[in-house]
Each structure stands twice: as C-alpha cells, then as structure tokens.
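All values below come from the heavy atoms of this structure, side chains included, with hydrogens, waters and symmetry mates left out. Lettering of chains follows the sequences in order, A, B, ..., and the numbering in each one begins at 1.
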Protein chains: 2
Amino acid sequence: MTIDKTGIKDIAEKSGVSLTTVSRYFNKPNLLSLKTKDKIQAAIQELNYSQDNVARTLATGKSNLVGIIFPSLHLGFYTELMNQLIQQGKEKHYSFIVYTSRDTKEEELSLIDTLKSYRVKGIILLSHILSPEEIEQLEVPIISIERAGGNYCQINNDNYTGGKLAGEKLIADNCEVFLHINNGYYENWPSFKRIVGFEFSVKGMPHETIINEDLTDPYSKIASTAMSAIVDSLLEKYVGKKLGIFCSNDDIANMLQRECIRKGLKMLEDVEIIGYDNSPVSDYAIYPITSIDQNIPLMAQIAINSLESYIPHENVVPATLMDKSTTV
Amino acid sequence: MTIDKTGIKDIAEKSGVSLTTVSRYFNKPNLLSLKTKDKIQAAIQELNYSQDNVARTLATGKSNLVGIIFPSLHLGFYTELMNQLIQQGKEKHYSFIVYTSRDTKEEELSLIDTLKSYRVKGIILLSHILSPEEIEQLEVPIISIERAGGNYCQINNDNYTGGKLAGEKLIADNCEVFLHINNGYYENWPSFKRIVGFEFSVKGMPHETIINEDLTDPYSKIASTAMSAIVDSLLEKYVGKKLGIFCSNDDIANMLQRECIRKGLKMLEDVEIIGYDNSPVSDYAIYPITSIDQNIPLMAQIAINSLESYIPHENVVPATLMDKSTTV
DNA sequence: TTGAAAGCGCTAACAG
DNA sequence: CTGTTAGCGCTTTCAA
C-alpha cells in the first residue's frame with residue numbers, strides 16, 4: 001500500500017529532464033517547450049503519477065485546504081451553504097475541512113489552530129463563539145458569514161431589507177397583528193437588522209417581538225414545547241385577529257406552521273407565515289413557506305472568490321421575498 | 001502574516017536542546033528526562049508554538065485527515081452522520097475533508113486522488129458511484145457505509161431486520177394493505193434488504209412495492225409531484241382500506257405524510273407511516289414519524305475506530321423501531 | 001537520555 | 001527554455 005512512491009523524480013528520469021522542469025510542467029507550463037511537455041505528459045500517464053499536495057504545501061506554505069466552522073449542521077441554511085461551497089470550490093480544487101463548534105472558546109481556538117497547522121488558505125466562520133476582536137488576532141484569512149463584523153472579510157445578507165420585505169408583505173396581505181419570532185440575538189449581529197427592518201415596516205400597527213432561546217435547536221422537544229406555548233399565548237391574546245408572523249429562520253417557521261396546523265389554525269385565513277433563508281426546509285413543509293431568500297449560491301461564490309483575493313470588508317448580499325403558500 | 005515561523009527549531013534553541021529532543025517531546029515523551037521536558041514545555045508556552053501538521057505529515061507519510069464523500073448533503077441521515085463523525089473524531093484529532101459526488105466516476109476518482117494526495121488516513125464512502133471492484137483498487141483505506149460490499153471495511157445497518165420490524169408493526173396495528181415506497185435500489189445494496197425483510201413480514205397479505213426514482217431528491221418539485229401521484233393511485237386502488245406504508249427513508253416518509261395530509265387522509269385512521277433512519281426530519285414533521293433507527297452514533301463510532309485499526313470486513317449495526325406519532 | 005544527519009516530495013531563486 | 005542547489009518543518013535511523 002505504500003510501495004506507490006511515484007514522484008516527480010521518477011517522471012523526471014523517465015522523461016530525461018530535471019526535477020525542476022517537471023515541477024514547472026505543473027506550475028508554469030508556458031515556460032516549457034512543447035516537446036518537453038509531451039515527454040513529461042507521456043511519463044506521467046505511463047507511471048500514473050499524481051501530485052503530492054502535502055509536499056507541495058510544505059514547499060509553498062499554502063494549501064488548497066479551506067476550513068469551515070459551523071455552529072451546528074442541522075439548519076437548512078448551513079447544509080445548503082456547505083453544499084454550494086463544496087460544489088463551487090471544486091473548480092478551484094479547494095477542499096473543505098468541516099468542523100462544528102458551539103461550546104467553548106478554547107475548543108474553537110484549538111480547531112482554528114489545527115486548521116492553521118494544515119496551512120489552510122482561509123477559514124469560513126459561521127460560529128458565534130469568538131468576538132470580532134478575537135477573530136482579528138487569528139493570523140489567518142477569515143471570512144465570516146452573518147456574523148458581527150471586524151476588520152476581516154464578511155459576507156452578510158441585507159437583513160434590514162429582508163425584514164422590511166416581510167413586514168410589507170404581511171401588511172399587504174391584510175394581517176391584523178404583526179409578530180416576529182426569534183431565538184435570540186445580539187444587537188451587533190447582522191441578523192439583528194431583520195428585526196429592525198421588520199419593526200420599522202409595521203410601525204404604528206399592533207406588533208410584538210417574541211424572543212425565546214428554547215427555539216435555537218429546532219429539532220428538540222424543548223423547542224416544540226416552547227413553540228406550542230407561544231402559539232397558545234398568541235391565540236389567547238389576539239383572538240379573532242389574523243396573525244402575520246415573521247420568523248428568524250425557516251426551521252422556526254416550519255415548527256410554527258406545525259403548531260398552527262396542530263391547533264387547527266387555517267393558513268392564510270387565520271395566519272400567515274414568513275421564514276428566512278429560503279432553504280430546503282421551507283419547501284417541504286405542508287404548506288411551503290414564504291421565505292426571504294439570502295441567495296446562498298451568491299454567498300458561496302463571494303466566499304470562494306474572497307479566498308482567492310482576500311479583501312477585508314463587508315459584502316452585502318441582497319434579500320428577496322420568495323412567495324410560496326403561507327402568504328396570499 | 002507569515003512572520004510566524006515559530007518552529008521546533010526555535011523552541012530547541014530556546015530550551016537548549018536539539019531538534020530531535022523537541023520532536024521526541026511530542027512523539028515519545030517518555031524517553032525524555034523530566035528536566036528537559038519541563039524546559040521544553042516552558043519554551044513552547046513562551047513562544048506560543050503549535051505543531052506543523054503539514055511538515056509532520058510529509059515526514060511520516062500519514063496525516064490525521066479523513067475524507068468523507070456523500071452523494072449529497074440534503075438527507076437527514078447524512079447530516080447527522082457527519083455531525084457524529086466530526087464530534088467523535090475531535091477526540092482523536094481527526095479532521096474531515098467533506099465532498100459530495102453524485103455524477104461521474106472520473107470526478108469521484110479525482111476527488112479520491114486529491115484526498116490521497118493529502119495523505120488521508122482513510123476515506124468514508126457513502127456515494128454510490130464506484131463498484132466494489134473499483135473501490136478495491138483504490139490503495140487507501142476505505143470505510144463504506146450502507147454500500148454494496150467488497151474486500152474493505154463496511155458499516156451496514158441490519159436492514160433486513162429493519163424492514164421486518166416495520167412490516168410487523170404495521171400488521172400489529174391492523175393495517176389492511178402494506179406498501180413500500182422506495183426511490184430505487186440495486187440488489188447488492190445493503191438497503192435492498194429492507195425491502196426483503198418487509199416483504200417477508202407481510203407475505204400473504206395484500207402488499208405492493210413502489211419504486212420511483214423521482215423521489216431521490218426529496219426537496220424537489222419533481223419529487224412532490226411524483227409523491228402526489230403515488231398517493232392518488234393508492235387511494236384509488238385501495239379505497240376504504242387502512243394503508244400501512246413503509247418508506248425507504250425519513251425524507252420520503254415526510255413527503256408522504258405531507259401529501260396524505262394535503263389530501264385529507266387521517267393519520268392512524270386511514271394510514272400509518274414508518275420511515276427509516278430516525279433522523280431529525282422524522283421529528284419535525286407534523287406528526288413525528290415512526291422510524292427505524294440506524295444507530296448513527298454507533299456507525300460513526302465504528303467508523304472512527306476502523307480508521308485507527310483498519311480491518312476489512314462487514315460491521316452490522318442493529319436496527320430498532322422508534323415508535324412515534326404515525327403508528328398507533 | 002540525547003544529538004547529528006539524512007531524508008519526506010516538491011518549489012523557487014539563481015544561473016546558464 | 002532548462003538545470004543546480006537550497007530549503008519547507010518535522011521525523012527517524014544511527015551513534016554516542
């Protein structure tokens with residue numbers, strides 16, 4: 001299993017040129033004569049050689065590895081982003097080392113250390129553990145996505161507009177009470193602007209923002225229970241009114257829809273729901289959920305490009321409303 | 001950004017020992033005297049040194065990187081498996097390079113080549129592109145999960161029992177017609193045994209197996225349409241009968257439940273549903289879906305251990321029925 | 001217990 | 001256009 005060993009040296013001998021020339025065949029092919037290129041290519045084929053990324057990385061100091069750190073994997077937005085990243089990264093021969101981190105700073109820093117020790121080209125950061133200041137100390141290109149910003153590359157959705165679009169839609173649909181359900185935030189998070197935008201748009205009308213951290217992991221008993229209680233209190237409080245509910249993500253919206261259906265609410269008639277992310281979950285609910293699209297493919301594309309030419313600044317990706325079956 | 005450079009050499013100088021000794025500090029610490037160990041440790045702290053995995057990999061020929069190749073990411077089973085793998089792998093300092101592959105053999109082989117060039121410890125294979133024979137040629141430790149087997153390490157669920165448990169449950173619940181819905185298979189796939197087990201258990205009673213490849217990607221229009229048609233035909237064919245439906249995975253079961261609800265079927269009364277995987281999706285459906293548990297954490301654990309000490313053979317993980325709300 | 005020296009496989013000046 | 005010569009940062013005989 002380790003008798004392979006076919007290296008640049010072997011193909012150099014086989015084709016009667018020097019090591020360097022073979023190396024150049026891969027890195028600066030235009031410096032070589034057609035004849036040598038052919039010879040080398042032939043040897044490569046014959047010996048079934050393929051490059052050694054470890055040696056190359058050691059020599060150059062840079063690999064094509066990229067780190068991604070998610071808070072968790074069980075959210076449509078994350079899965080889809082990873083999918084896009086992997087897909088689009090293939091063209092540039094990027095390989096992604098994936099971690100999850102939602103606990104301690106020490107753990108996250110150690111993961112980042114490991115990543116650095118593999119000489120990653122950059123780290124795409126989605127976890128919320130580190131502060132902007134701490135991130136700035138990292139000494140490795142960081143691309144943060146939907147995180148509070150600092151002096152590094154950020155990719156954020158136009159959350160303000162997203163929230164505003166949701167509010168406007170719900171108003172246009174003649175909802176009578178406007179609710180926002182969120183699992184918690186910090187005011188410096190980009191996603192906080194969703195709330196601001198939403199509240200701005202429903203200003204002057206009956207509205208309420210409900211924050212409940214139990215909703216953080218949507219696939220838990222605790223989240224179901226919390227959501228059930230929320231719906232109950234809403235029904236009690238706003239009896240007879242048509243509710244317009246904007247959720248901070250599709251998973252929460254999905255959970256909400258489930259509770260509404262269980263409790264016999266009629267979609268569109270009694271309640272309208274808008275989620276955020278336009279991720280697959282929003283499509284496989286009973287009533288596919290109207291959602292604010294973050295343009296995940298574009299986010300991935302920007303991330304990939306930023307890896308190539310790193311510029312520390314904020315990239316804002318537009319938000320658009322995707323009309324489905326939970327709004328008129 | 002590249003002024004870092006703190007290497008084994010620096011800490012050797014600082015602590016007045018040789019390179020070799022410092023190296024041994026990490027690899028064979030018990031060969032060192034307590035005094036030198038202390039000196040070295042102090043230097044490490046002071047210089048804030050951390051090891052270079054690339055150099056170490058080049059020198060030893062083995063890294064702590066592990067490849068995973070999924071057919072896609074949008075299936076609860078995959079997400080949860082990845083989650084478990086990443087989590088459990090952390091203890092052994094494994095880092096996972098994640099790919100998706102569902103297209104051509106060339107692409108998959110090239111991914112595997114890249115993985116090899118990073119000197120991965122092994123590759124966890126879930127994609128269906130390569131045949132067992134081709135996998136055997138790979139010259140890298142392969143751990144296949146729920147794939148047709150060959151002479152390499154395999155981790156498979158006890159699919160036969162899983163299918164049988166589903167059938168028996170549906171019978172016990174007094175269903176009158178027994179259906180299996182599947183998105184396609186090959187007879188040498190482990191998951192084919194689900195069908196065999198199920199069919200065995202409902203032998204002699206009215207039953208039918210429905211195969212439809214359009215169900216492969218559950219988050220697509222095409223899948224919804226297909227499922228809708230399937231339910232229609234079932235209703236037409238078995239009017240008035242209580243249907244017992246076993247699906248090949250939770251995502252399909254979820255889709256099925258959605259169509260049943262849309263068409264006004266009453267859960268438990270008109271229809272019972274059992275999925276496979278016991279993945280998060282099964283829990284956030286309107287009626288949490290009874291499902292066959294594959295014990296994903298155990299699968300992950302076996303995978304991790306197999307990486308450590310590779311033994312080419314089949315590991316069979318037990319299947320158990322998880323009773324939820326789509327069965328009595 | 002410790003050190004010197006020879007690589008691991010490739011790249012990158014520098015020279016021709 | 002092509003070759004020589006040092007490394008990249010760490011591990012690993014071999015010898016002391």
Contacts of type side-chain contact (heavy atoms from CB on, under 4.5 Å), residue Asn188(A), not counting sequence neighbours: Ala148(A), Tyr186(A)
Do any pairs count as a salt bridge (charged side-chain N to carboxylate O under 4.0 Å, His left out) and have a residue in residues 92-112 of chain A, sequence neighbours left out, and if so which ones? Lys105(A)-Glu134(A), Glu107(A)-Lys90(B)
First and last nucleotide of DNA chain C touching chain B, 5' to 3', heavy-atom cut-off 4.0 Å? dT1(C) to dG9(C)
Can you check the Lys62(B) NZ to dT11(D) P distance for me, whole Å? 16 Å
Partners meeting ring pair (Phe, Tyr, Trp, His ring centres under 6.0 Å) with Phe26(A) (sequence neighbours left out): Tyr49(A)
Suppose the criterion is side chain to side chain donor-acceptor pair (under 3.5 Å): which pairs have a residue in residues 66-78 of chain B, not counting sequence neighbours? Glu80(A)-His74(B)
Distance-only criterion, 3.5 Å: show the donor-acceptor pairs between side-chain atoms of residues 61-70 of chain A and protein atoms not counting sequence neighbours.
{"residue": "Ser63(A)", "atom": "OG", "partner": "Leu65(A)", "partner atom": "N", "Å": "3.0"}
{"residue": "Ser63(A)", "atom": "OG", "partner": "Arg119(A)", "partner atom": "O", "Å": "2.8"}

Expected list for residues 301-309 of chain B: side-chain donor-acceptor pairs under 3.5 angstrom, two or more places apart:
{"residue": "Asn305(B)", "atom": "ND2", "partner": "Gln301(B)", "partner atom": "O", "Å": "3.4"}
{"residue": "Ser306(B)", "atom": "OG", "partner": "Ile302(B)", "partner atom": "O", "Å": "2.7"}
{"residue": "Glu308(B)", "atom": "OE1", "partner": "Tyr94(B)", "partner atom": "OH", "Å": "2.4"}

If you pin Ala55(B) and Ala59(A) to their nearest nucleotides in DNA chain C, which one's is more 5'? Ala55(B)
Based on the rotation axes of five pairs at each end, what angle does the helix from dT1(C)-dA16(D) to dG16(C)-dC1(D) bend through, to 10°? 30°
Ring pair (Phe, Tyr, Trp, His ring centres under 6.0 Å) involving Phe96(B) - partner list, sequence neighbours excluded: none
Check side-chain contact (heavy atoms from CB on, under 4.5 Å) between Pro318(B) and all other residues, then give those that pass, not counting sequence neighbours. Leu298(B)
Under 4.0 Å from any atom of DNA chain C, heavy atoms only: list the residues of residues 11-36 of chain A that qualify, in numerical order. Thr20(A), Ser23(A), Asn27(A)
Residue list, ring pair (Phe, Tyr, Trp, His ring centres under 6.0 Å) with His128(A), at least two apart or on another chain: Trp189(A)
So Ile44(A) and Tyr25(A), do their side chains get closer than 4.5 Å, heavy atoms only? yes
Lys9(B) NZ - dT11(D) P separation (whole Å): 15 Å
